[in-house]
2 protein chains.
Amino acid sequence: MTTTVTEHRRPLRADARRNHERILEGARAVFAEYGLEAQIDDVARRAGVGVGTVYRHFPTKEALLGELVRRKLRVFAENAREALAREGEPFGVFADLLRRNAEVCVADAAIQHALMAFGQHISMHAQVELEELNKPTAELMARAQRAGAMRPDVTVDDISMLMCGVSATMTQTGPGFDWHRHLEFVIDMLRR
Amino acid sequence: MTTTVTEHRRPLRADARRNHERILEGARAVFAEYGLEAQIDDVARRAGVGVGTVYRHFPTKEALLGELVRRKLRVFAENAREALAREGEPFGVFADLLRRNAEVCVADAAIQHALMAFGQHISMHAQVELEELNKPTAELMARAQRAGAMRPDVTVDDISMLMCGVSATMTQTGPGFDWHRHLEFVIDMLRR
DNA sequence: TGACAACCGGAATCGTAGTTCACTATAGTG
DNA sequence: CACTATAGTGAACTACGATTCCGGTTGTCA
């Protein structure tokens with residue numbers, strides 16, 4: 001239903017496949033280091049390819065950013081599914097999931113910046129990934145709530161919202177700004 | 001000590017003073033409507049002056065933004081001082097201050113965007129205003145804490161941080177994103 | 001009212017980045 | 001080993017938007 005055209009094409013040539021990966025990794029690194037204002041030329045240089053090659057793989061800068069965001073969301077989702085399989089006190093498991101995913105975030109806060117700058121536009125192209133993340137998260141929350149360890153009135157969307165706030169703290173370098181602390185405040189608030 | 005050079009200059013000509021105000025107001029309106037990507041030309045048009053005039057008053061776009069931010073901070077501070085003078089249950093007074101200032105924020109979330117985008121650079125030029133806001137806020141918190149109505153471990157800096165998170169929610173149009181809700185979560189968490 | 005300094009307007013300039021394209025290189029295939 | 005569809009390259013093109021500049025205007029003051 002949401003299958004892309006890609007699947008109908010013959011497989012990429014070996015060098016193309018290799019470069020695709022290199023570009024994505026280069027982009028991740030460069031955006032992590034310089035933020036959104038990093039240029040495509042920088043990405044190309046870091047990846048060791050020409051600009052043209054970047055554009056052969058991603059039609060626009062925004063598309064490239066979009067793919068990076070989608071990958072990040074997949075990591076979040078993967079962690080969530082893993083947490084779902086874990087044994088243990090539900091609230092603790094959930095809190096640890098938040099901590100772990102936050103850690104994934106800081107790894108390159110620039111992507112976070114991207115999410116906020118390009119905002120809804122990009123996230124509209126990540127519906128699937130968002131869904132994939134929200135499903136296990138909701139289940140995890142339901143468990144904690146049934147166990148009476150989590151406020152019964154919080155929803156998955158609240159979590160997105162609150163974590164979005166935490167990640168805002170990450171990109172800010174204010175005095176006394178400490179996202180770890182922010183996150184613990186949030187976790188505390190979710191508790192019973 | 002931190003007095004500006006302006007004071008040492010002869011007063012502005014009447015038309016210049018008028019334009020200064022118009023530009024600031026036009027900028028506020030335009031940035032509120034189109035966000036940071038609004039152009040100086042737009043500001044000029046809205047203010048009913050030429051671009052050159054804008055540049056006569058503010059050397060760069062960033063400087064203009066900076067002044068807007070500073071003005072906003074002064075409003076926050078004003079509200080805080082007012083709250084300080086108010087009678088009543090300390091925590092409630094403080095919570096209402098947060099609500100009121102949040103309301104001031106949304107009025108033009110673009111300024112908020114500015115704070116996050118230009119980030120630390122602008123806020124470095126708003127030290128004075130920040131101080132002016134933090135002083136009464138801290139006093140208000142101390143009262144609530146002495147009354148045993150507020151968590152004793154939160155600081156003024158925590159408030160900046162958390163409110164920064166709330167304002168991130170304002171600029172985001174995610175599904176199920178509701179900054180009022182976010183704010184109430186925060187207030188709840190601050191409570192004893 | 002006359003003179004001039006301060007001010008205004010907005011076309012023109014300049015720098016910056018995203019994007020294209022004409023040409024070259026190479027993986028895959030028979 | 002040819003042959004060709006794919007892929008790569010980077011100089012050149014473009015669009016856009018901040019900033020400059022100078023001829024014309026206007027407040028102010030004697």
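Values in this document were obtained by computation on a predicted structure and should not be read as measured data. All chains are named by letter (A, B, ...) in the order of the sequence lines, taking the proteins before the strands, and each is independently numbered beginning at 1.
The shortest side-chain heavy-atom distance between A/V43 and A/F58 does not fall under the 4.5 Å cut-off.
The backbone N or O of B/D158 lies less than 3.5 Å from a partner atom in the side chain of B/T155, making a donor-acceptor pair. Within the 3.5 Å criterion, the main-chain N or O of A/V49 finds no donor-acceptor partner in the side chain of A/T53.
Listed by chain and number, the residues in a ring-ring contact (aromatic ring centres under 6.0 Å, His included) with A/H57 are A/H20 (sequence neighbours excluded).
Residue pairs satisfying the ring pair (Phe, Tyr, Trp, His ring centres under 6.0 Å) criterion with at least one member in residues 173-192 of chain A, sequence neighbours excluded, are absent.
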**Message:** Using a 4.0 Å heavy-atom cut-off to protein, can you give one letter per nucleotide of nucleotides 7-19 of chain D, 5' to 3': B if the base is in contact, S if only the sugar-phosphate is, - if neither?
**Reply:** BBBBB-----SSB
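Atom-to-atom, CD1 of B/I23 to P of C/dC7 comes out at 12 Å; the value is rounded to the nearest Å.
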